[in-house]
There are 2 protein chains.
Amino acid sequence: MNIGEVAERSGLPPKTIRYYEDIGLVRPLRSGNGYRAFRETDLHKLAFLGRARALGFSIEDCRTLLDLYEDESRESAQVKAVAEEHLTAIDDKIALLQSMRKTLSHLVKSCHGDERPDCPILSDLAGGMARSWKTTNHS
Amino acid sequence: MNIGEVAERSGLPPKTIRYYEDIGLVRPLRSGNGYRAFRETDLHKLAFLGRARALGFSIEDCRTLLDLYEDESRESAQVKAVAEEHLTAIDDKIALLQSMRKTLSHLVKSCHGDERPDCPILSDLAGGMARSWKTTNHS
DNA sequence: ATAGGGCTTCCAGTGACTGGAAGCTCAATA
DNA sequence: TATTGAGCTTCCAGTCACTGGAAGCCCTAT
């Protein structure tokens, strides 16, 4: 299999596949003409990587997971530990984004968004303590 | 003010402040000894940047927001547009993470996590179609 | 013979910093 | 006065996971 077919069948761009070879995640053979010659197992690995990446695992996690996948004597606890750690990281990211979202949506709602220059979004960024009550001049 | 004091008062690391100068977000003066000499306005800008970054705005968004902040004739609609676009991007990221989270937490729950090698997490990554019913050997 | 598409390598850029090295300045102490 | 040591300077390199582009080889079809 040439890289184009593997790309199509794995869903990964050729560039990414070459990159994965660069960093040692796959080791395809070479044909006489210098083209990469992928076996089914290579395709399988790449598809594995594609799914792991789609779940947000880092490349290093992917390397670990692939190693565990190939290790017949692995303990499922090892896999679970990697996944749980990643899950925690995802939860942290979600929490951070939701806290940003909360503040931001509040600010967006409080901005009239017309041709006038005064804007509670900028006031908040500028002052940190400027709130909509201030922009509506309750002082 | 030297960079150390500005760092402390703005909450940004000195490295970051130098970087912000590099890319033209702030333009502190220089003392005779070559040290950066920050004015209150520079500190103000840096604090603005810190808050905007904490809300997840990109550096380019920050540049735009700072420009709008300094532009007396801005229209609040411009600010609101930037913020709304960013809010949409945040929502997209949250949605993506939550979909990862859902799949991943399902997989984690289905993995017994002991010393045995068989693991639905790896099965899923390997096959895409392998499900927990398969790991419990209903075939 | 030529055109095209696919393949190769290598280099550079992305975003937003961060770490580290080498060296200058300044204030306080011995 | 000499010497610490902290703080400041610049510059270079690395992070993460690709992605784009250039230059050039290979293969097939016309």
Side-chain angles (χ1 to χ4, degrees), chain A residues 1-38 42-43 45-46 48-66 85-86 89-90 92-93 96-97 100, chain B residues 1-38 42-43 45-46 48-66 85-86 89-90 92-93 96-97 100:
Chain A
M1 258 183 295
N2 282 349
I3 201 168
E5 187 182 344
V6 178
E8 196 167 344
R9 291 177 58 189
S10 68
L12 296 171
K15 279 272 185 186
T16 300
I17 296 173
R18 290 191 196 104
Y19 172 68
Y20 286 175
E21 184 188 11
D22 259 19
I23 62 175
L25 287 177
V26 277
R27 305 183 191 282
L29 304 174
R30 292 290 174 146
S31 313
N33 58 12
Y35 286 18
R36 287 169 183 81
F38 295 86
D42 296 319
L43 173 59
K45 271 195 193 184
L46 288 166
F48 183 105
L49 289 168
R51 280 185 287 264
R53 293 287 299 128
L55 286 180
F57 284 105
S58 71
I59 289 288
E60 281 319 299
D61 278 351
C62 288
R63 200 188 296 278
T64 304
L65 290 171
L66 255 189
E85 201 168 335
H86 179 46
I90 285 180
D92 290 351
K93 279 189 196 167
L96 182 59
L97 285 169
M100 288 176 180
Chain B
M1 258 182 296
N2 282 349
I3 201 169
E5 188 183 343
V6 178
E8 195 167 345
R9 290 177 60 189
S10 68
L12 296 171
K15 279 273 187 188
T16 300
I17 296 173
R18 290 193 195 100
Y19 172 67
Y20 286 175
E21 183 189 9
D22 259 20
I23 62 174
L25 287 177
V26 277
R27 305 182 191 283
L29 304 173
R30 293 290 174 144
S31 312
N33 57 12
Y35 287 17
R36 287 169 183 81
F38 295 85
D42 296 320
L43 172 59
K45 271 195 194 185
L46 287 165
F48 183 105
L49 289 168
R51 280 185 287 263
R53 293 287 300 128
L55 286 180
F57 284 105
S58 71
I59 289 288
E60 281 320 299
D61 278 351
C62 288
R63 200 189 294 279
T64 304
L65 290 171
L66 255 189
E85 200 167 337
H86 179 46
I90 285 180
D92 290 351
K93 280 189 194 164
L96 181 60
L97 286 169
M100 288 176 181

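Source: prediction; values computed, not measured. By convention in this document, chain letters (A, B, ...) are assigned in the order of the sequence lines, proteins followed by strands, and residues within each chain are numbered from 1.
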Heavy-atom pair with the smallest gap, counting every atom of B:Asp42 and B:Ala37: OD2-O, 4.2 Å
Between [atom2] of [N] and [atom1] of [X], the distance in whole Å:
X       : N      : atom1 : atom2 : value
A:Ile59 : D:dG14 : CD1   : C1'   : 17 Å
B:Phe57 : C:dG15 : CZ    : P     : 17 Å
B:Tyr19 : D:dA13 : OH    : P     : 18 Å
A:Leu25 : D:dA17 : CG    : C1'   : 11 Å
B:Ile3  : C:dC26 : CD1   : C1'   : 17 Å
B:Asp22 : C:dG15 : CG    : P     : 15 Å
A:Ile23 : D:dG14 : CD1   : P     : 17 Å
B:Ile17 : D:dG7  : CD1   : C1'   : 14 Å

Salt bridge (Lys or Arg N to Asp or Glu O under 4.0 Å) between B:Glu21 and B:Arg18, worked out: CA-CA 5 Å; B:Glu21 183 189 9; B:Arg18 290 193 195 100; over 6 Å; no
Can you check whether [X] has a side-chain N or O nearer than 4.0 Å to OP1 or OP2 of [N]?
X       : N      : answer
A:Arg63 : D:dC16 : no
B:Arg30 : D:dT10 : yes
A:Thr16 : D:dT19 : yes

Among [options], the one nearest [X] by side-chain distance:
X       : options                : answer
B:Lys15 : D:dT19, C:dG19, C:dA16 : C:dG19
B:Arg53 : D:dT9, D:dC26, C:dA16  : C:dA16
A:Pro13 : D:dT19, D:dA17, D:dT9  : D:dT19
B:Asn33 : D:dC18, C:dT25, C:dA16 : C:dT25
B:Arg18 : D:dT9, C:dT8, D:dT19   : D:dT9

Student check: side-chain heavy atoms of B:Leu25 and B:Ile59 closer than 4.5 Å: yes
Close side-chain approach of B:Phe48 and B:Leu65, heavy atoms under 4.5 Å: yes
Sugar-phosphate only, base, or nothing, as touched by B:Arg36 at under 4.0 Å among non-hydrogen atoms: sugar-phosphate
Sugar-phosphate only, base, or nothing, as touched by B:Tyr20 at under 4.0 Å among non-hydrogen atoms: sugar-phosphate
Single hit among B:Phe38, B:Tyr20, B:Tyr35 for side-chain contact (heavy atoms from CB on, under 4.5 Å) with B:Pro28: B:Phe38
